[in-house]
Amino acid sequence: MAREHADGIATIVEQRRNSFTGARRFLVPQVILSACLPRHSRSGLCFADLGTGLGIMPKQINNEKLFTAFSADLPWPGGVPAYREAPIRRALAVDRGPFPDLHWVRECYGSSEYYDSLFGELVFALDAVDVNGATTETCEVDLLDTAVLRQFLHRWPIHAANLSYVLYEIAPDRRTQIINTLRDNLRPPGLIIVTEPRAELTRQGCETLVYCDYRTDPYRLCTVSDGHFIGEVTALEDYDEFTARYPIAFQPS
């Protein structure tokens, strides 16, 4: 069977990538962006979701309906975060082409009732951002091409960037190169949110680091118990320092 379809399989492997777009992955970036960015600008900043896949993440930021629908299922150490708008004027969805469509994303989901439910959430989220009228600008950029990435960052005045489940698929030295290129070329505050699976997918859940332009090392902020962002957020060693500088608002208990 595989031999009969060898040419088609080779084309798919060469041109397409696994694209799991989760409906809840915006929850942690929303809290971080809304806590950090108001200190730097109330006139509106530019946010880029790098390795965006289907491109829903930047449309979800500042969508109160979706945040309210999902946030109760992901409490933080202080409780369930309150919705706060982040001062984002422009949002970019960035990835290497070709961008996936919804059919391709569905094929990348597992075949079970669990994944059927998660895909239903994604469809619900897509409908919500369409109703809300959220728009993003789509940009084809290969993050592994340092020269192209640098040119892109010079062309767009980007102040904050997000990478969710992007770097773990890349060799460690190239991951460092991408982060360094971002840090050298983002506009202040140079905020980079990186969420990756724990221990290279050998442990459940994921870990979030936050880079800022005034700090050499990233804040090791938190872990999330489930990579689909259902469960709970647990503080890491820099959580108290981060939240002392950037307080997070929580809903009344």
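No hydrogens, no waters, no symmetry mates; every other heavy atom, side chains included, goes into these values.
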Which pairs with one or both residues in residues 141-158 pass side chain to side chain donor-acceptor pair (under 3.5 Å), sequence neighbours excluded? Thr146-Gln177, His154-Asn185
Distance-only, no hydrogens or angles: does the His159 side chain make a donor-acceptor pair with backbone N or O of Arg187 under 3.5 Å? no
Considering all heavy atoms, the nearest Ala93-Gly55 contact: CB-CA, 4.1 Å
Separation between CG (Leu209) and CG (Leu167), nearest 0.5 Å, reads 9.5 Å
Taking Arg175 for the side chain and Ile170 for the main chain, is one N or O donor matched with an acceptor at less than 3.5 Å? yes
Do Met57 and Leu37 belong together in a cluster built from hydrophobic side chains that touch within less than 4.5 Å? yes
Student check: side-chain heavy atoms of Gln30 and Pro81 closer than 4.5 Å: no
Assess whether side-chain contact (heavy atoms from CB on, under 4.5 Å) is satisfied between Leu126 and Leu54, documenting all intermediate values. CA-CA 10 Å; Leu126 287 168; Leu54 194 59; 4.1 Å; yes
Quick check for you: to the nearest 0.5 Å, what is the distance between Leu92 atom CG and Thr136 atom OG1? 8.0 Å
Partner set under side-chain hydrogen bond (donor to acceptor under 3.5 Å, both in side chains) for Tyr83, not counting sequence neighbours: none
Looking only at heavy atoms, the pair that brings Cys206 and Gly227 closest together is SG-CA, 4.3 Å
Between Ala128 and Lys65, the two heavy atoms sitting closest are CB-CD, 4.3 Å
Ignoring hydrogens and geometry, is there a side-chain-to-backbone donor-acceptor pair from Asn162 to Asp49 under 3.5 Å? no
In this structure, would Leu236 and Val194 fall into the same cluster of hydrophobic residues linked by side-chain contacts under 4.5 Å? no
So, taking the atom named OG1 in Thr195 and the one named CD in Glu207, what distance separates them when rounded to the nearest 0.5 Å? 9.5 Å
Is there a side-chain contact between Phe242 and Cys36 (heavy atoms, below 4.5 Å)? yes
Rounded at 0.5 Å granularity, tell me how far CG in Leu118 sits from CD1 in Ile230. 5.5 Å
Please tell me whether Tyr239 and Tyr214 are part of a single hydrophobic cluster in this structure, the criterion being side-chain heavy atoms less than 4.5 Å apart. yes
To the nearest 0.5 Å, how far apart are CD1 in Ile179 and OH in Tyr211? 4.5 Å
Begin from the C-alpha positions of Asp213 and Arg183 and carry the test side-chain contact (heavy atoms from CB on, under 4.5 Å) through to its verdict. CA-CA 7 Å; Asp213 58 3; Arg183 300 199 74 180; 5.7 Å; no
If you draw the axis of the six-membered ring of Tyr165, does the NZ or CZ of Arg25 fall within 45° of it and under 6.0 Å from the ring centre? yes
Who else is in the cluster with Val80 when I, L, V, M, F, W and Y are joined by side-chain contacts under 4.5 Å? none
Partners of Glu196 by salt bridge (charged side-chain N to carboxylate O under 4.0 Å, His left out), sequence neighbours excluded? none
Can you name the nearest heavy-atom pair linking Tyr246 to Cys212, along with the distance? OH-SG, 4.3 Å
Kindly say whether Val31 contributes a backbone atom to a donor-acceptor pair with the side chain of Ser34 at under 3.5 angstrom? yes
Taking C-beta and beyond as the side chain, do Phe152 and Val94 meet within less than 4.5 Å on heavy atoms? yes
Rounded to the nearest 0.5 Å, how far apart are CZ of Arg174 and CG of Leu143? 10.5 Å
Do Leu221 and Ile32 have side chains that get closer than 4.5 Å, going by heavy atoms? yes
Which atom pair, heavy atoms only, marks the closest approach of Gly51 to Asp95? C-OD2, 3.3 Å
I need the minimum non-hydrogen distance between Ile61 and Pro29, along with the two atoms involved. CD1-CB, 4.3 Å
Residue pairs passing the salt bridge (charged side-chain N to carboxylate O under 4.0 Å, His left out) test with at least one member in residues 229-239, sequence neighbours excluded, are Arg215-Asp238, Arg220-Glu237
Any Phe124 side-chain heavy atom under 4.5 Å of Leu66 side chain: yes
Close side-chain approach of Val166 to Thr52, heavy-atom, < 4.5 Å: no
Do Ile88 and Leu153 sit in one hydrophobic cluster, given that two such residues count as connected whenever their side-chain heavy atoms are within less than 4.5 Å of each other, even indirectly? no
Take Ile158 and Leu186 through the side-chain contact (heavy atoms from CB on, under 4.5 Å) test and state the conclusion after the steps. CA-CA 6 Å; Ile158 298 171; Leu186 287 183; 3.6 Å; yes
ILVMFWY cluster, Leu163 and Tyr168 together (side-chain gap under 4.5 Å): no
State, with a plain yes or no, whether a side-chain heavy atom of Phe26 is found less than 4.5 Å away from one of Phe229. no
Could you go step by step and tell me if Leu191 and Phe47 meet the side-chain contact (heavy atoms from CB on, under 4.5 Å) rule? CA-CA 9 Å; Leu191 185 70; Phe47 166 71; over 6 Å; no
Check whether any side-chain heavy atom of Leu122 sits under 4.5 Å from a side-chain heavy atom of Phe119, and report yes or no. yes
Under the 6.0 Å and 45° cation-pi test, does Arg245 pair with Tyr219? no
The criterion is side chain to side chain contact (heavy atoms under 4.5 Å, CB included); which residues satisfy it with Cys222, sequence neighbours excluded? Thr208, Val233
